[in-house]
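Notes follow the structure.
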Amino acid sequence: MAETTEPGRKVTTSDRIKDLILSDGLRPGDLLPTEGELCSRLGVSRSNVREAIRKLSTLDMSTSATDTAPTSAR
């Protein structure tokens, strides 16, 4: 997985999901893996995944709406 952070900066869950979006070649509108799958792949809790997806949506890397699966906005 590609490293997206500067040297010495802690890698966050949102960094790791961003790397997944880029490395998996997701295009705008593609569904992200489910929360459960992201939790398993990254070894983090659902609350961490939800917060990371919210952060990525503010960076225009993902979109989500109530009752829909998050999608890639990249």
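Keep in mind it's a predicted model, so treat the numbers as computed, not measured.
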Restricting to non-hydrogen atoms, name the atom on [X] and the atom on [Y] that form the minimum distance, rounded to 0.1 Å.
X     : Y     : value
Ala52 : Ile17 : CB-CD1, 3.8 Å
Gly36 : Arg46 : N-NH1, 3.7 Å
Cys39 : Ser45 : SG-C, 3.6 Å

Is the side chain of Asp15 donor-acceptor paired with the backbone N or O of Thr12 at a distance under 3.5 Å, no angle test? yes

Which distance, rounded to the nearest 0.5 Å, do you find between the [atom1] of [X] and the [atom2] of [Y]?
X     : Y     : atom1 : atom2 : answer
Lys55 : Thr58 : NZ    : OG1   : 7.5 Å
Glu37 : Leu42 : CD    : CG    : 9.5 Å
Asp30 : Asp24 : CG    : CG    : 10.0 Å

Apply side chain to side chain contact (heavy atoms under 4.5 Å, CB included) to the pair Glu51 and Thr13, showing each step before the final yes or no. CA-CA 9 Å; Glu51 181 61 32; Thr13 301; over 6 Å; no

Stepwise side chain to side chain contact (heavy atoms under 4.5 Å, CB included) test for Leu38 and Leu20: CA-CA 10 Å; Leu38 287 170; Leu20 286 174; 3.7 Å; yes

